[in-house]
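Here is how names work: the chains are called A, B, and so on, in the same order as the sequence lines, proteins then strands, and each is numbered from 1.
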Amino acid sequence: MPSLLIKNGRVIDPSQDLDRVTNVLIEGTRVAAIGVEDFEAATVIDATGKIVTPGLVDMHTELREPGCEEDETIESGTAAALAGGFTSVACIPNTDPPIDTQASVEFVRQKAARARNCHVFVLACVSKNREGQELAEIGSLVESGAVGFTDADRPIHNTELMRRALEYCLMFDVPILNHPEVLELSRDGIMHEGLTSMVLGLTGMPSDAEDVMTARDLRLAEYTGGRLHLMNISSGGSVELIRRFKSRGAGVTAEICPAHFSLTDDTLRTFDANCKVNPPLRSRNHVDACIAGLVDDTIDIITSCHAPRASEKKLQALDRAPFGMVNLETTLSLVIKHLIEPQFLTWPQAIRKMTINPAQALGLSKGTLQVGADADVTIIDPDVRWTVRRDEFHSRSRNTPFEGAELVGRAVRVIVDGEVRFARD
Amino acid sequence: MSRDSAEFMPHPDTWTRRDLLDLESLTLDELTTLLDTAFAFKQATDGCRRKLPLLEGKTTSNLFFENSTRTRTSFGLAAKRLGADTVDFTASSSSLSKGETFIDTAKNIEAMNVDVMVMRHHTPGAPHLLADHVDCAVVNAGDGTHEHPTQGLLDIMTIRETRGEVRGLTVALVGDIAHSRTARSNIWGLRKLGAHVIVCGPSTLVSRGWEEFGVEVAYSLDSILPRCDVLNLLRIQFERQYTRPFPSVREYALLYAMNADRMARAKKDILIMAPGPINRGVEITPDVADGPHSVILNQVTNGLAVRMAALWLVAGARDKLRQSICRGPAAHG
């Protein structure tokens, strides 16, 4: 059995409250031991000065295949994930056709297996054809491997459908992931509604559009007892609502992506379509409230919300350019820059939100280095300085507003199933 | 620059911008330079009737991705008065319907050796995006609900021409502030020149946020009317909204239409302006629009002077920029 020893790294595994310099022994595809003893292994990686974590888990990625291969493929997207330190991603079904049948779930899983980059878990549609009318065949989809249900960037608008979905998923113990946004309030919106949108004359998307549906979803989750995951939280009002419901013991998880703790709506003054995301970049007070929500664990998960879009789509006037920014290859460094360096989160707190928390939200046996667990490991050099060059991305798309940004820290070795799948020197 | 221009007036050192994209980012000096140049052009051309061939040998292009009659005609005529060749481009006849991005369209037109591109687009920031991708000068002729710098300038020029000084005047912009690029350009220009600006209209179309920028926000025209030196009556942009922000045109007119009754309660020397196209009977009644206080048609004439000034200033700045690039850093100083 091939063996691999990761020596002398600072091992941070929040699933077992571990944070110390030690060794990790992998045998085959499993974690075999953790300890300071001199393990024998065929291959040894010296991780002195590095941080060793369970392979990072991203529960909100767009892989765009099938149908939108000009933006990303399963192969390129998973390569980007690896380069960003992720060993598992869950992909959302805003594909063409949307992932709402057993055959399409199997297509994604097979493509991912063939690419042999990172693990891919499928989030399938809540509604047939992602139309928000009737429930998709959730039971069959679970059987073929779907781990959660979402209509991706389309909010589950029909309140009754949302209630039924939460209720129906109870018997499969899978979560509903919703992007909270009341479309009547955000229609034609390009950016956060506030002083900047007023000055620029860009149609605003008020934070209330998010909050009103967040409130609805929280109520329904509490009422039905269903598992709710709120995607893309960006507003202070939503953070406050989630905090209140969590304090009452509601089983809800919430995520944020780097865009919403790294950038504010002022960035739109450049009219750069790469800053057009949904939910929109919010004003400083919202960003601060979201960071406070990360600090007190109201927001328990950090995702990439990787949304690749081909450059010809982004090179349009702002109203026609699609929403989205690529993030798989910058998320970890942005977490370090905006959350760890300013001491909002400790390393273990941040890693928890990128490993065991998303794994548990989706019921995956990932995000841990417990002995016997899958040998998915990310080795991070926390000190390496690098400059974002989008032409070096593994993703097919280049839609980042961080081009040229000087960042510190990134993944240098990424191990999947006991095999080094990505290395950077 | 041709020899003629140097004889008439040298290109001012206070203007170095290759593009005129908005009034928000202009300095007071730049704003004053634009206005002074426009006045000088108006005088030198007998109210813009005669030619002043400062842009002979240059080509300007009108790229209009949104319908326009007066702005387009005004820019076209301004270019002709300056002796430039003009190329017109309309979105309806374009390859945009074939899926080309407007940047590609613009670059194709630029490749025909265009020196100044005048662009109107329905999306805020489109001219800024264009300016990042072309080497010619870019003049914003209205970008969605963002800005319309030459309209703001011609409004201010008209006020200055009639009243001599802008500083200290109370200017109310009345109507659909939310969807008005004219309002935004007026706000920045007037504030920089020291006017007191009021934005007035239905609460669904006027944001309290403007107070952050030193602008007074009012919902009742009648309450501010006695204090106003200038009223700029903006058109309701029915085409830009889904749910009507007020119950009916009748109710709007009741609250905001400038009519004889309101004129009687206004200052004796009040100026009535409108950027047009005007909806007679909605924001203004015909007797007021055609009455002695109305300077609506002066605005149009001044528009010609302002656009001549804008075209000449950006074209000159671009020439200087290109010369300094050709000569290299040694040319400085």
Side-chain angles (χ1 to χ4, degrees), chain A residues 70 182-209 264-277 280-286 309-323 398-399 401 403-404, chain B residues 21-25 65-66 91 96 99-107 119-133 140 142-148 176-185 187-188 199 205-213 215 217 237 240-243:
Chain A
E70 69 278 18
V182 176
L183 296 171
E184 290 92 341
L185 292 174
S186 61
R187 189 162 45 187
D188 286 349
I190 290 172
M191 68 175 294
H192 172 63
E193 184 171 298
L195 282 187
T196 309
S197 71
M198 181 190 81
V199 166
L200 298 181
L202 288 168
T203 310
M205 307 166 80
S207 55
D208 306 75
T264 61
D265 59 345
D266 271 347
T267 321
L268 264 300
R269 282 192 159 275
T270 60
F271 296 106
D272 179 0
N274 292 322
C275 298
K276 183 183 172 186
V277 289
L281 303 178
R282 303 273 184 206
S283 51
R284 188 77 247 169
N285 53 326
H286 287 287
R309 295 294 179 274
S311 55
E312 66 271 19
K313 296 182 186 173
K314 280 290 194 179
L315 200 64
Q316 298 188 86
L318 268 177
D319 57 342
R320 296 184 68 160
F323 291 105
R398 303 280 177 261
N399 50 309
E403 172 72 1
Chain B
L21 301 176
D22 50 61
L23 295 192
E24 189 192 358
S25 59
F65 295 92
E66 196 183 60
L96 283 177
E100 190 175 65
T101 69
F102 81 92
I103 299 288
D104 283 323
T105 308
K107 289 186 99 146
M119 187 203 211
R120 167 165 291 190
H121 200 280
H122 45 81
T123 311
H128 303 68
L129 189 60
L130 175 69
D132 285 342
H133 285 88
N140 179 5
D143 58 332
T145 50
H146 177 222
E147 280 220 42
H148 191 353
D176 184 354
I177 307 298
H179 300 94
S180 174
R181 50 191 173 215
T182 298
R184 285 175 181 74
S185 291
I187 287 169
W188 302 123
V199 289
L205 293 172
V206 178
S207 168
R208 280 265 166 223
W210 286 111
E211 289 172 351
E212 293 278 323
F213 298 92
V215 174
V217 173
Q237 312 239 355
R240 291 196 204 273
Q241 38 221 322
Y242 285 97
T243 318

Heavy atoms only: give me the nearest [X]-[Y] pair and the separation to one decimal.
X: Leu315(A); Y: His133(B); result: CD1-NE2, 3.6 Å
X: Gly201(A); Y: Pro124(B); result: O-CG, 3.3 Å
X: His122(B); Y: Asp319(A); result: ND1-OD2, 3.3 Å
X: Leu129(B); Y: Gln316(A); result: CD2-O, 3.6 Å

Can you tell me how far [atom2] of [Y] sits from [atom1] of [X], rounded to the nearest 0.5 angstrom?
X: Met198(A); Y: Ile177(B); atom1: CE; atom2: CD1; result: 11.0 Å
X: Leu200(A); Y: Thr145(B); atom1: CG; atom2: OG1; result: 9.5 Å
X: Leu318(A); Y: His121(B); atom1: CG; atom2: NE2; result: 10.0 Å

Heavy-atom distance under 4.5 Å between the side chains of Phe271(A) and Asp132(B), does that happen here? no
Part of Trp210(B) within contact of chain A (heavy atom distance under 4.5 Å): both
Under 4.5 Å from any heavy atom of chain B - which part of Glu184(A): neither
Pairing residues for Phe323(A) by the ring pair (Phe, Tyr, Trp, His ring centres under 6.0 Å) criterion, not counting sequence neighbours: none
If you look only at pairs with a residue in residues 268-277 of chain A, which of them pass as a salt bridge (charged side-chain N to carboxylate O under 4.0 Å, His left out), with sequence neighbours excluded? Arg269(A)-Glu24(B)
